[in-house]
Every structure is written in structure tokens, then in C-alpha cells.
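These numbers were taken from a predicted model, which means no experiment stands behind them. FYI, side chains are in, hydrogens and waters are out, and symmetry mates aren't considered; it's all heavy atoms of this structure.
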Amino acid sequence: MRRGLLRPLAPLSAPHLHPSLPLCPYKDVVPLPNPSQPGPTSPFTSNPRWVFATSLPPPAEWVEPFNDVSDIVATRQNLDPSPWVSQILNLLDGSPAMEANLSVYCHKFLIKLSPNFVSFILQSNKLREDPAIALRFFYWAGKQKSYAHSIECYVSLIAVLSLRGDVERILCVLREFKEMGFVMTVSAANSLIKSLGSVGIVDELLWVWRRMKENGIDPGVYTYNFLVNGLVNSMFIESAERVLEAMESGRTGPDVVTYNTMIKGYCKAGKTKKAMEKIKDMELRNVEPDKITYMTLMQACYSDGDFNACLGLYHEMEEKGLEIPDHAYSLVIGALGKDGKCAEGYAVFERMTQKGYKGNVAIYTALIDSYGKSGNMEWAIWLFQRMKNEGFEPDDVTYGVIVNGLCKGGRLEEAMEYLGFCKGNGVVVNAMFYSSLIDGLGKAGRVDEAEKLFEEMVEKGYPRDSYCYNALIDALVKCGKIDEALGLFKRMEEEGCDETVYTYTILISGLFNEHRNEEALKMWDMMINRGITPTAASFRALSIGLCLSGKIARACKILDELAPMGVIPETAFEDMINVLCKAGRIKEACKLADGIVDRGREVPGRVRTVLINALRKAGNSDLAMKLLHSKIGIGYDRMGSIKRRVKFRLLFEN
DNA sequence: ATAGGGTTAG
């Protein structure tokens with residue numbers, strides 16, 4: 001009601017504070033007034049200004065984002081947004097004439113947008129979705145007469161830019177921001193630390209932190225938490241750890257969010273064990289773990305393949321009476337399914353429905369997947385029907401696990417039918433459909449069809465992922481087309497699809513099968529050089545090939561090189577001995593077993609059993625008996641004062 | 001503020 005007569009004070013003009021910024025676009029866009037354009041109508045038909053304005057054009061009025069600037073302490077919720085807000089938002093359409101339209105509009109209604117108004121608009125959902133418009137609006141507003149952006153304008157703009165990870169523009173805006181020399185406020189610091197943390201600009205984040213302290217602001221727990229989160233998101237785990245320690249010994253103690261964020265950090269760094277231990281720290285400080293604590297840890301255990309731990313966390317959650325999110329059920333059912341315990345997964349599902357939860361598509365999908373993986377497609381399809389009866393629409397992932405299950409069971413025609421159904425009914429066909437089918441066809445010896453499906457993906461422009469490539473490479477290797485497989489490997493590189501440890505494992509064993517030993521070794525080296533961590537399975541492929549081609553020492557040498565990389569294939573020696581025995585090369589197997597002793601390692605009792613059985617199978621029952629009744633590999637033989645284990649080699653001596 | 005679906009070798 002006071003509007004129009006009492007003008008708010010205009011911010012001081014500060015033109016010298018707008019340096020030219022080469023990285024910033026739009027700064028040269030000059031708004032052109034366009035009087036011929038049909039202007040929008042005023043939202044204020046009874047605006048007193050229009051009554052009193054006569055001959056002299058009245059000076060433009062600063063508009064605020066909220067109508068009522070009463071003395072009562074008002075929160076944002078009970079304030080009434082000014083009708084100008086929606087009018088200005090309507091003009092922000094991203095068209096080339098946007099700036100011109102804004103200028104014409106403001107000129108026509110004699111308004112100027114105040115810094116508060118600009119900041120409010122920058123926080124609107126519309127601009128959060130379109131950083132390019134936000135940036136253009138910001139630079140347009142900055143050119144208003146006697147206007148200077150407030151600290152909130154910069155902070156809001158940076159928040160918008162951070163949503164899309166636009167690091168370059170953030171740095172550019174930040175440079176300008178720093179030159180403005182604002183006094184840091186708590187809310188600005190919080191928002192900046194959050195934005196910069198989310199995009200990983202840690203040095204600038206720390207600048208904000210220092211600046212905040214310089215301005216005498218004591219960081220509260222929120223500020224600390226944004227800092228920890230920023231550090232964690234940028235994988236500065238140790239720095240985050242130090243901040244947490246500082247909090248633990250300082251005045252602002254960590255809360256559940258701080259711990260959850262730190263736990264997320266450990267999980268991201270693959271240190272699940274350390275993450276788990278944090279629960280104890282929390283309990284020591286009387287900070288109760290909440291559902292997010294448990295969800296973060298459950299997800300990490302699930303990803304690590306530690307399904308037991310995942311299950312244990314779920315039970316702990318239940319015992320504590322915490323609310324169990326839907327996603328927890330997907331994880332538990334998924335974990336049980338991967339352990340082959342689909343019935344137990346179903347029991348969890350039943351318990352869930354008894355509590356009144358209806359479940360969701362993801363939970364049904366996890367359940368269907370677990371039945372499909374255990375070869376129980378009838379149950380899987382029954383659940384699929386039940387899900388639809390409950391009103392859940394299966395999505396591409398659900399169809400994906402159905403197709404995958406059918407392929408695993410060799411029911412390729414049915415799987416193809418599902419693929420056809422999805423193609424015809426608007427279900428997204430993802431790479432998993434194809435990799436499952438290519439794998440299934442390959443396993444059934446139908447390589448030509450597998451190749452055809454792969455080419456279909458190329459034609460239709462579906463991206464091929466490593467799963468598809470690996471499945472086809474495997475299919476080709478299995479039917480002796482090793483050179484075609486190598487060609488595909490090359491194509492994979494050319495297309496920029498990252499090879500995985502599976503790719504190398506398949507090719508290494510394929511090359512050894514064709515007695516192309518040198519090439520197989522080259523593959524191994526290539527894998528190591530590219531920083532792909534070998535697995536126990538990949539070493540098995542290599543060691544089998546090397547052992548069978550008589551290069552046992554070489555295999556042992558490579559095995560020794562794995563330990564510093566943190567790869568310890570537990571059963572490596574056993575596997576090698578097994579392979580040698582199977583090939584009837586028992587003498588070499590014994591030599592290898594002795595080699596283990598020489599390295600000061602334990603020979604598992606199982607190795608003796610393997611050797612005894614191998615000797616029996618080879619028809620050498622005399623030696624088998626001799627080994628059975630001897631202390632070879634177990635007992636000790638006194639040589640001077642040195643105790644030595646009895647060597648397997650003795651078996652072949654008199 | 002902090003967590004959130006599925007896949008392949010032997």
C-alpha cells in the first residue's frame with residue numbers, strides 16, 4: 001500500500017566493480033528498447049503511480065520480491081510474492097530477444113529490479129533448470145542503472161551453475177565475486193561451500209572458509225557439514241577426516257549428518273570396513289545412527305559383494321525400530337538373491353507386505369531377478385504377473401532381468417519375444433537386453449545370430465557397452481574365431497568403450513587355447529599397463545596357460561608381482577597344482593608344491609588330497625599310498641639343526 | 001543438508 005510513493009533506497013552505483021570478464025558470455029548483449037513491440041499488461045491496474053504520473057516521467061521504482069515489508073518478523077512462507085515475479089519469469093524464455101524484452105518491460109512500467117528481486121528470481125525453479133537463462137538474466141540485471149549485485153545474487157547464480165557442474169562459468173563468476181569484496185555472511189558461506197563442494201572446486205571452497213573466519217563468523221554444524229560433504233565429494237577423504245576430528249575436539253560437535261557424510265566418504269574410497277567402524281564412534285558420542293547411516297553402509301556392502309554384512313545391517317535397522325526405506329528392501333532381496341537364497345528373499349518380501357508396504361517396481365525386479373538367476377523362471381514369471389496385478393508397470397530393468405533369466409536358462413526364443421514386445425511397446429531397450437541375448441546365443445553355439453544382434457545395435461545407434469562386447473568376444477573365442485575376437489577388441493578400443501578385466505580374461509584364455517602364448521602374455525601386460533586390476537579369475541586363466549606350456553616359474557613370478565598390487569588370489573597355487581595334475585604332470589605339480597614351501601608359505605592339506613587323487617587317477621596307486629602314509633608336506637625332516645618340511649619331490653626318489 | 005534398482009569368465 002506504501003508502494004509507489006515511498007521509494008526504497010537505490011543501491012549505490014558501482015560501475016568500476018564490473019571488470020570485463022573474457023570468459024563470461026552475454027556481457028556484450030545490450031538491451032534494445034523496442035517500442036513497437038506489443039508490451040505485456042501491467043499486473044497493477046490500480047497502481048497509484050499511474051494516477052499521479054502526469055507530465056514528467058516519474059523515476060523508475062525498485063521492486064522487491066515480496067509485497068509486504070511489514071515490521072512483523074516474517075518468514076519467506078508467510079510473505080506474499082510480488083506479482084512482478086511471475087511477470088518477469090514469463091519474460092525469461094531464453095529467446096534471443098529476452099534481454100530486449102526485459103528492458104522494454106521495465107521501461108514501460110518504470111520499474112527496476114532490486115538485488116533482492118534478482119536473487120529471488122535466480123533461485124526460482126525455472127532458472128535452476130536453465131543455467132544459461134540464469135546467467136543471461138544476471139548479466140542483464142547487472143546493467144540496470146545505479147544497480148549493483150548483492151552477495152546473494154552471486155551466491156544464487158553460483159548455486160544454479162553448480163547444479164549442472166559448470167565449473168568454468170562458476171570460476172568466472174567467482175572471480176568477479178571476489179573482486180566485489182563482500183563481507184561474508186553465514187548463509188552465503190553455507191551456500192557457496194555447498195555449491196563449490198558439489199562440483200569439486202576445493203581450493204575456492206577453502207577460500208570461502210578462510211574468508212568466513214576472517215569475517216569473524218563462527219561456523220555452525222551446518223557449515224561444517226557442507227565443508228565435510230564438499231571434501232568428500234571431491235575425494236579429499238583425509239582432509240574430511242581431519243575436519244571431523246577438529247569437530248570432535250571442538251565446540252561444534254559432529255552430528256548424525258557429519259558422520260553420515262564421513263561414512264559416505266569412506267564408502268566412496270572403498271574403505272567399507274572403516275565406514276562400518278564409524279558406527280561405534282557415533283554410539284560412543286551418543287549420536288544415534290539413522291536410516292541414512294544404514295542405507296549408505298548397506299549400499300556399500302552390497303556393492304562390495306559382502307551380502308552377509310548387508311543383511312546384518314538390515315536386521316540391526318529392524319531391531320532399532322528405524323523406518324525401513326523401500327530401497328533397503330531392494331538391497332536385501334538383491335543380496336539374498338545373489339547368494340542363491342531367493343526363498344529367503346521372498347520371506348523378507350512377505351514380511352514387508354505384512355507390515356503394510358506395497359513394495360515397488362525395484363523390489364519386484366530384485367525378486368524376479370533372484371528367481372531368474374537361480375533358474376526358477378516359472379516363479380519369476382509368476383511374480384512378474386503378480387506385480388502387474390498389483391498395479392506396478394514393469395520397466396526396462398524388469399524386462400531386462402526377465403530376458404536375462406530366460407537367456408541363462410537357454411530359453412532364447414522366449415527372450416527374443418520379450419525383446420520384440422519391448423521394441424513394439426515403448427519400453428526402453430537397454431544394452432542389458434542385448435548383452436544377455438548375445439551371451440545366450442553364444443553359449444548355445446549360435447554365434448552368427450549373436451553377431452547379427454550386435455550389428456543390429458550398431459545400425460539402430462544403441463550404445464554398445466563392455467558387457468555386449470565381452471559377450472560377443474567370448475562367443476567368438478569359444479568357437480575358435482580368435483582373430484575375429486581380437487578384431488572386436490580393437491573395435492572396442494576405437495569406439496572408446498573401456499575394456500574390463502573380463503575382456504582380458506576371455507582373450508588370455510582364448511589365446512592360450514590356440515597355443516598363442518606370447519600374445520596371451522602381451523594381453524596380460526597390456527591389462528596391467530592400462531591400470532586394470534587383475535582378479536583371481538584372470539590370474540587363473542594366465543597361470544593355467546603358463547603351467548600347461550611348461551612355464552611354471554614364470555607364473556610364480558607374476559603371482560609374486562600381484563601381492564604389491566593388493567591382489568592375492570588365495571587359491572592360486574592350488575589351482576595351478578590342480579591343472580598340472582589334471583594334465584597328468586604330477587612330477588611338476590610336486591615340484592610346484594615344494595616351491596610353495598621354499599617361499600615359506602603353508603601348503604594347504606587340500607593340496608595333498610589333490611595330489612593323492614591325481615596319482616590314483618593316473619593309475620599310480622603305489623605312489624598314492626606312499627604319499628598317503630608319509631609325512632610329506634606335513635612332517636619335518638631334521639637336517640643338521642634346521643627343520644625342514646618333507647618335500648613332495650621325495651615321492652619320486654628312493 | 002547426508003542414502004537410493006539390474007548384467008558378463010572358471
Side-chain angles (χ1 to χ4, degrees), chain A residues 190-191 193-194 197-198 220-230 232-233 254-265 267-268 275 289-300 302-303 313 317 324-331 333-334 337-338 359-370 372-373 395-405 407-408 430-440 442-443 465-475 477-478 500-510 535-541 543-544 569 571 575 578-579:
Chain A
N190 280 348
S191 176
I193 289 170
K194 185 184 172 195
S198 73
V221 72
Y222 265 62
T223 318
Y224 267 115
N225 288 348
F226 285 131
L227 173 67
V228 175
N229 193 42
V232 158
N233 280 340
D255 66 359
V256 64
V257 177
T258 327
Y259 280 110
N260 287 349
T261 311
M262 193 66 238
I263 287 173
K264 174 179 82 171
C267 292
K268 271 176 73 156
D290 65 0
K291 63 175 176 185
I292 294 178
T293 320
Y294 283 102
M295 289 305 297
T296 312
L297 288 167
M298 277 179 77
Q299 183 68 51
Y302 181 85
S303 306
L313 286 162
M317 224 170 149
I324 301 189
D326 278 352
H327 185 54
Y329 288 111
S330 321
L331 286 173
I333 291 171
K338 287 213 168 145
N360 59 28
V361 178
I363 292 171
Y364 272 101
T365 304
L367 210 47
I368 292 169
D369 189 38
S370 79
K373 291 269 184 319
D395 65 5
D396 56 325
V397 182
T398 321
Y399 280 103
V401 301
I402 293 267
V403 167
N404 187 259
C407 289
K408 287 274 174 313
N430 59 39
M432 186 187 171
F433 285 76
Y434 283 96
S435 62
S436 301
L437 275 162
I438 291 169
D439 190 58
K443 296 258 188 310
D465 63 4
S466 64
Y467 289 87
C468 298
Y469 271 105
N470 291 348
L472 188 56
I473 290 176
D474 187 51
V477 161
K478 290 276 160 19
T500 66
V501 63
Y502 289 94
T503 323
Y504 289 98
T505 309
I506 295 163
L507 286 170
I508 288 168
S509 80
T535 57
S538 64
F539 178 74
R540 196 170 307 135
S543 66
I544 288 173
T571 60
D575 293 336
N578 248 321
V579 167

Start and end of chain A contact along DNA chain B [non-hydrogen atoms, under 4.0 Å]: dA1(B) to dG10(B)
Testing the 3.5 Å rule here: is there a donor-acceptor pair between the side chains of Thr258(A) and Asp255(A)? yes
Please classify the nucleic acid contact of Ser330(A) as base, sugar-phosphate, or nothing, using heavy-atom distances under 4.0 Å. nothing
Counting the atoms with a prime plus P, OP1 and OP2 as sugar-phosphate, which does Ala366(A) contact under 4.0 Å by heavy atoms, base, sugar-phosphate, or nothing? nothing
Within the structure shown, what part of the strands sits under 4.0 Å from Asn190(A) by heavy-atom distance: base, sugar-phosphate, or nothing? nothing
May I ask you to say what Val361(A) touches in the nucleic acid, namely base, sugar-phosphate or nothing, with a heavy-atom cut-off under 4.0 Å? base
Side-chain H-bond candidate by donor/acceptor type, Thr571(A) with Asp575(A), under 3.5 Å: yes
Asn430(A) near the nucleic acid: base, sugar-phosphate alone, or nothing, with a heavy-atom cut-off under 4.0 Å? base
Just call it for Tyr302(A): base, sugar-phosphate, or nothing, with non-hydrogen atoms closer than 4.0 Å on any strand. sugar-phosphate
So what does Ser436(A) touch, heavy atoms closer than 4.0 Å: a base, only the sugar-phosphate, or nothing? nothing
Tell me the closest heavy-atom pair linking Ser435(A) and Ala471(A), and the distance in Å. O-CB, 3.9 Å
Does Thr535(A) reach a base, just sugar-phosphate, or nothing at all? Heavy atoms under 4.0 Å. base
Tell me what Asp369(A) touches on the nucleic acid: a base, only sugar-phosphate, or nothing, going by heavy atoms under 4.0 Å. sugar-phosphate
For Asn578(A), answer base if it contacts any base atom (sugar-phosphate contacts may also be present), sugar-phosphate if it contacts only those atoms, and nothing otherwise; contact means non-hydrogen atoms under 4.0 Å. nothing
Toward the 5' end of DNA chain B, which comes first, Ile544(A) or Lys291(A), by nearest nucleotide? Lys291(A)
Tell me the closest heavy-atom pair linking Ser370(A) and Leu367(A), and the distance in Å. OG-O, 3.0 Å
Starting at CD1 of Ile506(A), measure out to CG of Asn470(A) and round the result to the nearest 0.5 Å. 4.5 Å
At 4.0 Å (heavy atoms only), tell me whether Lys268(A) reaches a base, stays on the sugar-phosphate, or touches nothing. nothing
Just so I know, are the side chains of Met298(A) and His327(A) near enough to count as touching, which here means a heavy-atom distance under 4.5 Å? no
How many angstroms lie between atom CG of Asn260(A) and atom NZ of Lys291(A), to the nearest 0.5 angstrom? 11.5 Å
